[in-house]
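Residues: numbered from 1 along the sequence shown. It should be emphasised that the depicted structure is a prediction, and the values quoted were computed from it without experimental measurement. Just follow the structure's listing: the first ligand is 1, and inside any ligand the first atom is 1.
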Amino acid sequence: MPAELSPIDKAKSAAAKRAVGFVQDGMRVGLGTGSTAAWMVKALGERVRDEGLRIKGVPTSTRTADLAREEGIEVVTLDEAKWLDLTIDGTDEFDSNLNLIKGGGGALLQEKIVATASDQMIVIADAGKEVSQLGAFPLPIEVIRFGWQTTKALIEELLVSLDVLGQTTTLRMNRTEPYLTDEGNYILDLHLQRIGNARQLALVLNQVPGVVENGLFIDICDIVIIGHGDGKVELRDINAGSVANERVEFAENENVFADLGD
Ligand code: 5RP
């Protein structure tokens, strides 16, 4: 394990490294977005180069597509792959049912489409992403630009009648301009603090005209791999109801992650 990495980066890299152990020759793999997912793309690239692993990767953002190509992973579109064996992605929060809040990195739409089109979704995370109840992390909602202020007002009106603690919504910014997703949409961040009924919220948000998708991933994740700074990983499989504790070994001089920041 490289000495210069922070404990959180070691945790992310350990989870990522364990997750790519699920990838087998010939698989079509969904590639998530974000700093944890970037460790995974690096680790997968290493397997492609070292073992001659033949896989097709479907990235969930232009950022991930660029990184995957740099790593020598064959990149195809979801329409070319049609269906995926496995998707590996990060998360902003996960609860005990492996329901998630995603979209902190702005890629929730492609991430949800890709994960839903996969036989299995594995989420990789450091322990800080685990919550007893979703909602402390602001919930991202992708909305089309046309009439976004009306969409925002409709969402705020809706929140009044729902089991959430906070109701503030903010337009995500990129310095002085609204943040644009890969699809050219805006993102509203909902500061809910606590979500009482995530399943209901996910359903009703998508009924609002102008909403493209929300960042709640309900019943999509199958396995979460929680990494720790000392190389330990915990694997929780929601379908098998199993928990396994393992350790990821890093070669003495291994430095594959050293060039990755957030
Ligand atoms: C991007 C995402 C990311 O998976 C999520 O934001 C976690 O990112 P990181 O691994 O950098 O903490 O949903 O849209």
Practice task
May I ask you to check if ligand 1 and K12 share an N or O to N or O distance below 3.5 Å?
Solution key: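 It does not: no N or O of K12 is found under 3.5 Å from an N or O of ligand 1.
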Handout entry: Nitrogen or oxygen atoms of G105 and ligand 1 under 3.5 Å apart
Key =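 N/O-N/O distance under 3.5 Å: yes.
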Problem - Residues D222, Q120; criterion side-chain hydrogen bond (donor to acceptor under 3.5 Å, both in side chains); working and verdict - result: CA-CA 6 Å; D222 299 287; Q120 193 174 44; 5.4 Å; no
Relative to the heavy atoms of [X], which atoms of ligand 1 are at a distance of less than 4.0 Å?
X    : result
D92  : 5 (C), 6 (O), 7 (C), 13 (O)
G106 : 14 (O)
G34  : 11 (O)
T33  : 1 (C), 2 (C), 3 (C), 4 (O)
G90  : 4 (O)

Exercise for the section: Can you figure out which of G103, G215, P140 has its heavy atom closest to atom 13 (O) of ligand 1? Expected result: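 It is G103 that holds the nearest heavy atom.
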Practice task
Determine, considering heavy atoms only, which of K112, M40, E111, K102 sits nearest to atom 1 (C) of ligand 1.
Solution key: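 When every heavy atom of K112, M40, E111, K102 is considered, E111 comes closest to atom 1 (C) of ligand 1.
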Exercise for the section: For D92, enumerate each residue passing the salt bridge (Lys or Arg N to Asp or Glu O under 4.0 Å) test, keeping only those at least two apart in sequence or located in another chain. Expected result: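 Here no residue qualifies.
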Problem - Gap between atom OG1 of T181 and atom OH of Y179 - 0.5 Å precision - result: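 One finds 7.0 Å between OH of Y179 and OG1 of T181.
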Practice task
Rounded to the nearest 0.5 Å, what's the gap from CD1 on I73 to CZ on R49? Could you check?
Solution key: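 Reported to 0.5 Å precision, the distance equals 8.0 Å.
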Practice task
Report, as yes or no, whether the 6.0 Å neighbourhood of atom CZ on R54 holds more than 12 heavy atoms from other residues, nucleotides or ligands.
Solution key: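 Atom CZ in R54 is not packed in, count stays at 12 or less.
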Exercise for the section: Assess K102 against F217: is NZ or CZ under 6.0 Å from the centre of the six-membered ring, and within 45 degrees of the ring's axis? Expected result: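 Yes, K102 sits over the ring of F217.
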Problem - Min side-chain heavy-atom separation E213-L108 under 4.5 Å - result: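 Counting from C-beta outward, E213 and L108 do come under 4.5 Å.
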Problem - Location of contacts on D89 toward ligand 1, heavy atoms closer than 4.0 Å - result: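 Side chain only.
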